[in-house]
**Q** 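First the structure, then my questions, so here it is.
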Amino acid sequence: MKTVAVVLEEMGRPAPYAKSKPLQLEDLELTPPDECEVLVEIVAAGLCHSDLSVINGSRPRVMPMVLGHEAAGIVREVGPGVRDFQPDDHVVFSYVPVCGRCTCCQSGRAALCERGAVANTEGSLLSGKRHFSRSNGQELHHHLGVSAFSQYTVAAEESLVKISKSLPLDKAALFGCAVMTGVGAVVNTAKIQAGQSVAVFGMGGVGLSSIMGARASGAFPIVAVDLLDAKLALAKKAGATHAVNASDHDAVEAVKNITGGGASVTFEAVGSEVVLAQAYAATARGGKTVCMGLPHPSKMLSIPAVSLVAEERTILGSYMGSSVPRRDIPRFIDMYEAGLLPVDLLQSSTLKLSDINAAFDDLAAGTVARQTVLM
Ligand SMILES: [Zn+2]
Ligand SMILES: [Zn+2]
């Protein structure tokens with residue numbers, strides 16, 4: 001069948017993207033779902049900083065690629081052997097396909113699925129197959145098994161989570177990356193307890209979701225750190241009790257003052273080794289520093305080594321919020337519907353697929369939380 005999709009031909013084109021146009025709308029061929037695969041009509045897809053990191057080359061991927069990894073849609077066709085889905089089901093995508101059989105999956109570490117990681121690195125589905133091609137026969141790579149910036153996509157059933165039809169799909173999309181990653185880091189990775197002090201660095205979609213997760217977990221105080229007052233105002237609505245603008249304050253000192261010597265748990269949601277070092281410095285003795293952002297692979301973190309022992313500190317990596325998608329996406333949706341996670345405030349604006357280059361300029365400028373493409 002035919003689909004209109006956004007293709008990233010090469011990484012590293014210079015900003016502004018409205019001018020250099022790294023993303024091009026193309027008419028592509030999409031082959032039908034094979035064994036254990038599903039054809040999904042994308043209804044809504046979010047623009048995430050990890051997409052931007054592929055565009056600017058700080059998260060290198062195989063090119064050319066149909067980009068996009070945060071989405072929700074409707075099942076239109078299922079391949080042979082699919083048991084968990086049928087046409088008309090509403091689904092959210094997990095950006096790690098969860099095979100359920102590898103050592104990581106078997107130990108409850110679905111976000112680290114070994115087969116999923118191999119497929120994502122190769123830009124294929126879990127089966128190793130690719131379904132998008134150009135009219136000249138050239139195959140295109142899948143982005144994290146999702147490739148959301150397309151009218152239709154084919155995904156492994158292991159990349160899908162069935163959701164209730166009562167939730168609007170533009171809201172549902174946010175649960176696929178921002179909410180699963182940000183709330184998951186709080187409840188799964190850090191296992192926040194009521195009354196623990198928290199500081200979150202970076203108020204993008206993931207950072208704001210962490211603020212919501214911290215609030216729902218009963219953390220206090222909850223300190224939001226960002227460079228923009230507008231983002232900090234959003235953080236207050238998300239549940240932050242304090243806001244620190246790092247462009248006119250020493251963020252580490254400010255967090256220490258508010259929390260009485262350092263936050264029990266800090267979260268880094270920028271993807272900067274410099275900010276990660278600040279988050280570590282703002283963590284209390286005996287505390288945890290949780291890294292959610294993805295710095296360029298060449299970047300190194302430098303910390304006082306002795307502090308790990310003498311101050312019993314812990315640094316925790318959190319990929320996809322250490323989530324198990326089929327457990328966590330439905331429960332985070334339940335929390336949203338119960339009023340515990342004000343996810344609506346993440347959505348800054350909606351746009352058409354044809355406006356996507358300029359929208360990534362806005363994301364790069366840091367002025368928006370989540371922009372959602374409506375197909
Ligand atoms: Zn993302
Ligand atoms: Zn696995």
Side-chain angles (χ1 to χ4, degrees), residues 6 8 36 42 44-56 58-59 61 65-72 92-122 124-128 142-149 156-161 172-185 202-210 267-271 291-295 318-329 332 343 346-348 356 359-360 363-364 366 368-373:
V6 158
L8 178 67
C36 300
I42 304 284
L47 273 59
C48 171
H49 209 279
S50 308
D51 301 309
L52 184 61
S53 299
V54 180
I55 294 168
N56 68 24
S58 65
R59 183 83 173 144
R61 296 279 175 197
M65 176 173 272
V66 179
L67 215 60
H69 66 280
E70 177 185 272
V92 170
F93 289 80
S94 159
Y95 62 88
V96 174
V98 177
C99 84
R101 281 176 265 162
C102 71
T103 308
C104 288
C105 284
Q106 295 277 317
S107 22
R109 310 286 299 271
L112 301 182
C113 176
E114 292 156 21
R115 290 178 56 215
V118 169
N120 282 356
T121 300
E122 291 176 347
S124 71
L125 300 188
L126 211 47
S127 60
H142 293 253
H143 188 203
L144 304 178
V146 181
S147 289
F149 300 145
E157 64 172 329
E158 292 87 347
S159 295
L160 299 173
V161 178
L174 298 164
F175 288 82
C177 179
V179 178
M180 177 160 59
T181 306
V183 179
M203 291 298 113
V206 171
L208 287 165
S209 296
S210 292
F267 295 86
E268 196 277 347
V270 177
C291 330
M292 302 184 285
L294 290 160
S318 180
Y319 190 58
M320 203 167 77
S322 313
S323 293
V324 178
R326 288 192 187 178
R327 176 195 68 190
D328 291 329
I329 288 179
F332 295 159
V343 169
L346 291 180
Q347 209 170 45
S348 310
I356 199 162
F360 273 109
L363 183 63
V368 290
R370 267 302 191 264
Q371 305 172 91
T372 309
V373 179

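Both ligands and their constituent atoms are indexed starting at 1 by order of listing. Computed over heavy atoms, backbone and side chain alike; hydrogens, waters and symmetry mates excluded.
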**Q** Does Leu47 reach the side chain of Thr372, with side-chain heavy atoms less than 4.5 Å apart?
**A** no

**Q** At the Zn ion (ligand 2), what's the angle from Cys113 SG to Cys105 SG, rounded to 10 degrees?
**A** 100°

**Q** What I'd like to find out is whether the side chain of Arg115 reaches to under 4.5 Å of the side chain of Leu126, using heavy atoms alone.
**A** yes

**Q** Does any donor atom in the side chain of Ser348 or Gln371 lie under 3.5 Å from an acceptor atom in the other side chain?
**A** no

**Q** Would you say the side-chain atoms of Thr181 and Tyr95 include a donor-acceptor pair closer than 3.5 Å?
**A** yes

**Q** Using a 4.5 Å cut-off on heavy atoms from C-beta on, say whether the side chain of Asp51 contacts that of His143.
**A** yes

**Q** Between Arg61 and Leu67, does a side-chain contact (heavy atoms from CB on, under 4.5 Å) hold up when you go through it step by step?
**A** CA-CA 10 Å; Arg61 296 279 175 197; Leu67 215 60; over 6 Å; no

**Q** Tell me, please, if Cys102 has any N/O/S atom, main chain or side chain, under 2.8 Å from the Zn ion (ligand 2)?
**A** yes

**Q** Less than 4.5 Å apart, side chain to side chain, heavy atoms only: is that true for Val324 and Val98?
**A** no

**Q** Restricting to distances shorter than 2.8 Å, give the number of protein N, O or S atoms close to the Zn ion (ligand 1).
**A** 3

